[in-house]
Amino acid sequence: MNPTSSNQSLYPLSNDLLPDTGRVALVLGYDGSRYHGWQAQNSGVPSVQAEVEAALSKVADHPVSVVCAGRTDAGVHAVNQVVHFETRAQRSPYSWAMGVNHFLPADVSVSWAGAVSEDFHARYTATSRSYRYIIYNHPIRPAWLNSNVTWNYRPLDVESMAAAGAHLIGENDFSAFRGSDCQSKTPFRNLTRLEVSKVGDMVVIEVEANAFLHHMVRNISGTLMAVGTGKKPSDWVADVLASKKRSKAGVTAPPFGLYLTSVTYPEEFTIPSLRKGPFFLGV
């Protein structure tokens with residue numbers, strides 16, 4: 001979504017009917033803890049996509065299929081996932097958002113709805129995606145948010161992790177950080193930002209790229225945690241990247257701490273900028 005100097009105020013949502021373009025976009029968030037990922041499964045196991053499509057179909061009064069900006073894995077969360085769908089129903093932004101939320105479970109929520117042109121595609125017109133990986137860095141495991149953060153009891157050196165992450169900036173072959181079942185035709189991605197910061201007892205790894213390989217953020221996070229605990233030096237990450245071998249990198253970090261926080265599109269599509277969150281970070 002397009003960055004702005006302050007978070008856009010979106011409420012109250014308009015009650016005016018959307019133009020009859022036939023294509024509508026939503027921004028939504030979800031706690032992925034109890035889902036087998038975003039994508040609907042033939043086996044009928046819980047998925048976010050299935051919940052969203054079922055709720056939308058009730059509001060539209062016809063079957064609805066959605067396309068998302070980025071499919072998340074089991075246990076992974078989203079703050080600002082973007083989807084689009086085709087519909088012959090005319091509704092207002094308020095009716096789409098509040099109507100869908102009425103039928104959604106409590107761990108999925110739509111925050112914005114709007115008409116988009118036929119040129120808009122939630123996945124293919126996105127120019128970048130951002131993720132945050134959140135680590136609760138404390139000797140005692142958390143009683144709360146235990147499925148929403150990753151716990152690491154060893155003290156993490158944030159400065160060393162940031163220095164290590166700097167070796168990954170740019171357009172690179174990220175084979176060393178690619179999941180074994182990744183289906184991408186190329187391992188090259190352009191990582192434009194990687195920052196590591198501390199918010200209270202939380203260590204936050206924030207990354208932005210044109211797109212990501214399967215498990216790429218979790219593999220980067222596991223590698224940076226190896227540096228943060230002192231097991232590896234910062235320069236080791238450069239060697240890992242150059243090796244192009246997954247076996248040289250750190251472990252795949254758990255899914256619980258991973259959040260899709262924003263998706264950026266060309267300004268012409270007017271997809272709003274929202275706080276990246278998640279809300280408990282306060283940033």
Side-chain angles (χ1 to χ4, degrees), residues 1-4 6-11 26-38 46-49 51-52 68-83 97 100-101 104-113 122 126 128-138 141-152 156 158 161 165 193-209 212 215-218 220-222 224-225 228 253-264 271-283:
M1 286 165 285
N2 305 311
T4 59
S6 61
N7 291 302
Q8 187 172 337
S9 176
L10 298 177
Y11 298 100
L26 304 178
V27 178
L28 56 97
Y30 49 85
D31 180 332
S33 303
R34 71 180 186 91
Y35 296 101
H36 196 70
W38 163 266
S47 71
V48 182
Q49 181 181 4
E51 296 286 1
V52 172
C68 74
R71 292 179 294 184
T72 51
D73 291 334
V76 175
H77 320 291
V79 182
N80 294 305
Q81 173 74 272
V82 179
V83 305
V100 172
N101 283 344
L104 283 172
D107 50 9
V108 186
S109 181
V110 173
S111 55
W112 179 86
S128 70
R129 295 156 178 84
S130 296
Y131 285 85
R132 279 178 171 169
Y133 194 87
I134 303 173
I135 306 155
Y136 180 65
N137 193 209
H138 192 278
R141 63 177 174 81
W144 300 275
L145 299 177
N146 51 69
S147 60
N148 299 103
V149 296
T150 290
W151 174 49
N152 194 320
L156 294 174
V158 170
M161 293 171 70
R193 186 162 59 94
L194 193 160
E195 298 176 358
V196 186
S197 60
K198 191 156 189 178
V199 182
D201 290 325
M202 308 285 187
V203 172
V204 181
I205 301 169
E206 186 160 4
V207 292
E208 182 176 354
F212 289 89
H215 285 174
M216 179 174 161
V217 182
R218 291 170 59 190
I220 288 175
S221 298
L224 294 186
M225 279 192 276
F256 320 118
L258 184 57
Y259 293 78
L260 172 62
T261 53
S262 70
V263 187
T264 303
I271 305 298
S273 175
L274 301 177
R275 184 182 295 277
K276 288 187 174 181
F279 74 90
F280 59 80
L281 278 185
V283 293

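All values derive from a computational prediction rather than experimental measurement.
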Participant: For the side chain of His77 and the backbone of Gly257, is there at least one donor-acceptor N/O pair under 3.5 Å apart?
Facilitator: no
Participant: Looking only at heavy atoms, what is the nearest atom pair of Asn80 and Arg275, with distance?
Facilitator: ND2-O, 3.2 Å
Participant: Rounded to the nearest 0.5 Å, how far apart are NE2 of His36 and CD of Gln49?
Facilitator: 13.0 Å
Participant: With a 4.5 Å cut-off on side-chain heavy atoms, are Val196 and Val203 touching?
Facilitator: yes
Participant: Does the side chain of Leu194 come within less than 4.5 Å of Leu224's, by heavy atoms?
Facilitator: yes
Participant: To the nearest 0.5 Å, tell me how far Ser47 OG sits from Tyr30 OH.
Facilitator: 10.0 Å
Participant: Quick check for you: to the nearest 0.5 Å, what is the distance between Ile135 atom CD1 and Asn152 atom CG?
Facilitator: 6.5 Å
Participant: Hey, what do you get for CG (Leu28) to CH2 (Trp112), rounding to the nearest 0.5 Å?
Facilitator: 11.5 Å
Participant: Tell me, please, which residues at least two apart from His215 pass side-chain contact (heavy atoms from CB on, under 4.5 Å).
Facilitator: Asp73, Arg218, Asn219, Thr252
Participant: Starting from the C-alpha separation in whole Å, work towards a yes-or-no answer on side-chain contact (heavy atoms from CB on, under 4.5 Å) for Arg141 and Asn146.
Facilitator: CA-CA 8 Å; Arg141 63 177 174 81; Asn146 51 69; over 6 Å; no
Participant: Using the test salt bridge (charged side-chain N to carboxylate O under 4.0 Å, His left out), find all partners of Glu208 that sit at least two apart in sequence or belong to another chain.
Facilitator: Arg193
Participant: Drop me the distance from Met202's CE to Leu145's CG, to the nearest 0.5 angstrom.
Facilitator: 6.0 Å
Participant: Output yes when a side-chain donor or acceptor of Ser130 lies under 3.5 Å from a complementary backbone atom of Thr261, and no otherwise.
Facilitator: no
Participant: Who are the side-chain contact (heavy atoms from CB on, under 4.5 Å) partners of Pro278, not counting sequence neighbours?
Facilitator: Val79, Ile134, Tyr259, Phe280, Leu281
Participant: Which residues satisfy the side-chain contact (heavy atoms from CB on, under 4.5 Å) test with Ser109, sequence neighbours excluded?
Facilitator: Asn101
Participant: If you define the side chain from C-beta out and look only at heavy atoms, does anything of Trp38 sit under 4.5 Å from Leu260?
Facilitator: no
Participant: Identify, with sequence neighbours excluded, every residue that meets salt bridge (charged side-chain N to carboxylate O under 4.0 Å, His left out) alongside Asp107.
Facilitator: Arg34
Participant: My understanding is that only residues two or more places apart in sequence, or in another chain, count here; which of them pass side chain to side chain donor-acceptor pair (under 3.5 Å) with Thr150?
Facilitator: Tyr133
Participant: Considering only heavy atoms from C-beta outward, does the side chain of Tyr35 approach that of Pro105 to under 4.5 Å?
Facilitator: yes
Participant: What's the spacing between Ser262 OG and Ile271 CD1 if we round to 0.5 Å?
Facilitator: 12.5 Å
